[in-house]
Protein chains: 2
Amino acid sequence: MIRNDSVKPRRTRMSRADRERQMLDVAEEVFAERGYGAVSMEEIAELVGLSKPMLYEYFGSKEGLLLGVIRRARGELREVTERAVEVGGTPEEMLRRGYIAYFRFGEAHHRAWLVLLQEPVLVRSAAEEIEGIRRQQSEMMVGLLAAHLPDRPRRALEAYAESVIGACERMALWRARNPEVTPEEAADHLMDLTWTGLATLNSSGGSA
Amino acid sequence: MIRNDSVKPRRTRMSRADRERQMLDVAEEVFAERGYGAVSMEEIAELVGLSKPMLYEYFGSKEGLLLGVIRRARGELREVTERAVEVGGTPEEMLRRGYIAYFRFGEAHHRAWLVLLQEPVLVRSAAEEIEGIRRQQSEMMVGLLAAHLPDRPRRALEAYAESVIGACERMALWRARNPEVTPEEAADHLMDLTWTGLATLNSSGGSA
DNA sequence: ACTAGTAACTTACCAGCGGTAGGTTACCGT
DNA sequence: ACGGTAACCTACCGCTGGTAAGTTACTAGT
């Protein structure tokens with residue numbers, strides 16, 4: 001049988017792990033670029049250079065694929081922020097370093113970032129999965145706050161943690177619209193709000 | 001021709017405005033309950049008691065329907081918070097009243113609320129629409145802050161506003177998981193964080 | 001070097017969804 | 001009584017997510 005590689009190019013077979021990473025890369029890019037709903041599985045498969053059923057073998061469903069993308073990105077983010085916080089120092093320094101790490105991650109992985117911030121709540125079945133990761137994020141934050149505010153009830157600390165995370169996410173989105181703002185600057189603004197507080201901000205210096 | 005009303009019940013014809021409101025009510029409930037992706041237009045039409053093309057005549061597309069739900073809810077929310085802030089008083093009072101109004105709205109319209117917070121990210125066009133409304137939200141917040149912090153550059157005020165909005169949204173989601181937290185309590189926590197600031201929080205009283 | 005096994009990959013299909021064209025029915029003004 | 005029009009329906013289409021069943025290429029054992 002004659003092979004015509006120019007029409008049907010030789011598909012290089014890959015190991016499970018490599019293929020999976022490649023699929024996630026493609027999905028991440030295209031979800032971020034055009035949105036989950038606007039991209040078909042067929043199209044993703046074509047971009048990867050495979051046929052659709054392969055995606056389903058690896059991820060089970062379209063939701064599963066999105067979930068894979070989100071999980072990977074969240075994992076990397078968690079690693080980065082935790083490392084930044086675990087250096088130690090005063091609570092203020094830790095908080096600030098955490099903020100900076102968070103925004104730097106957004107800069108470096110900015111495609112993954114968009115997916116992470118914009119798509120997660122979509123998937124109903126993924127809600128629990130996401131919830132777990134969030135709880136980790138929140139736990140870390142609560143731990144940090146507990147060291148600094150030992151007298152506060154845990155409920156209050158949870159509320160602070162949740163609010164801080166929300167502020168971070170929104171700030172990251174704002175930064176995406178204002179790319180000239182550096183991670184350090186963004187962190188300064190957040191420190192002004194969450195650390196110094198609006199009350200004392202008009203008398204003290206704060207960020208420029 | 002013989003009419004059998006028990007099989008095909010008499011559909012009460014309604015005026016444009018009434019039908020539209022009814023459609024939005026149904027869509028809001030079912031989107032919140034099961035998620036945008038898990039509900040078909042056919043099903044919504046059936047719940048309304050009409051056939052599918054009617055939905056398309058009114059809203060153009062499924063996205064359009066979601067957009068309608070979101071727009072209505074956002075409009076109501078904006079109205080409520082603006083009214084709460086426009087009463088005047090010190091910046092601190094205004095901010096606190098704004099928070100409370102925000103969380104009270106979440107309690108009163110809690111189905112609409114879930115749609116509002118969770119679904120926009122899914123649909124691209126909806127996300128853009130939302131962005132506009134958010135900008136209004138942000139504008140209002142910047143105005144409030146500008147009165148209190150006249151010396152800050154506008155860029156910083158924008159950053160604060162954005163962060164505060166993010167904190168609110170996240171806090172609302174947290175409250176959905178902890179229903180025993182009252183709107184006033186949630187507002188107190190947010191005031192602790194954004195007004196008093198974490199730095200001064202361990203020495204001053206703050207919320208219980 | 002030949003075969004057997006298996007893991008990677010494909011073609012070909014389906015049900016159900018969003019969306020639409022074109023016809024039908026009930027209400028209103030005259 | 002009778003158009004006219006606005007509300008409404010039936011019947012269809014193309015495409016998408018998802019799957020069953022078969023094919024191809026790499027690998028290990030002899």
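We name chains A, B, ... by the order of the sequence lines, and we start the count at 1 in each one.
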ask   = Tell me: CE of A:Met23 to C1' of C:dA8, nearest whole Å?
value = 10 Å
task = Using atom OH of B:Tyr36 as one end and atom C1' of C:dC17 as the other, report the distance to the nearest whole Å.
result = 11 Å
request  = Return no unless some side-chain N or O of A:Tyr56 is found under 4.0 Å from OP1 or OP2 of D:dT19.
outcome  = no
ask   = Over how many whole Å does the gap from B:Met41 atom CE to D:dC9 atom P extend?
value = 14 Å
query = Considering only side-chain heavy atoms of B:Met54, which listed nucleotide, D:dC9, D:dT19, D:dT16, is closest?
reply = D:dC9
ask   = What's the CE-C1' distance between A:Met14 and D:dA25, to the nearest Å?
value = 16 Å
query = Rounding to a whole Å, what distance do you find between A:Glu20:CD and C:dC9:C1'?
reply = 17 Å
ask   = Rounded to whole angstrom units, what separation is found between the CG atom of B:Leu65 and the P atom of C:dG18?
value = 11 Å
task = Decide yes or no, distance alone: a donor-acceptor N/O pair under 3.5 angstrom between the base of D:dG17 and the side-chain of A:Lys52.
result = yes
key: Distance, nearest 0.5 Å, that separates CD of B:Glu139 from CD of B:Gln136   = 9.0 Å
request  = May I ask you to say whether B:Glu28 pairs ionically with B:Arg72, meaning some side-chain N is under 4.0 Å from a carboxylate O?
outcome  = yes
ask   = Heavy atoms under 4.0 Å, any strand shown: does A:Val48 hit a base, just sugar-phosphate, or nothing?
value = nothing
query = Quick one: is B:Arg19 getting a side-chain N or O under 4.0 Å of the D:dA6 phosphate, OP1 or OP2?
reply = no
remark   = Taken to the nearest whole Å, OH/B:Tyr58 to P/D:dC9 is 11 Å
note = note: A:Leu50, atom CG; D:dT24, atom P; distance rounded to Å ~ 17 Å
message = Between A:Arg78 and A:Gln137, is there a side-chain donor-acceptor contact under 3.5 Å, judged purely by atom types and distance?
response = no
note = Result for side chain to side chain donor-acceptor pair (under 3.5 Å) between B:Glu162 and one of A:Arg170, A:His189, A:Arg175 points to A:Arg170
Residue-phosphate contact under 4.0 Å: A:Arg13 side-chain N/O, C:dC9 OP1/OP2 = no
key: Side-chain H-bond candidate by donor/acceptor type, B:Tyr160 with B:Thr194, under 3.5 Å   = no
task = Report the nucleotide, chosen from D:dA20, C:dC9, D:dG17, that has the shortest atom-to-atom distance to any side-chain atom of A:Lys62.
result = D:dG17
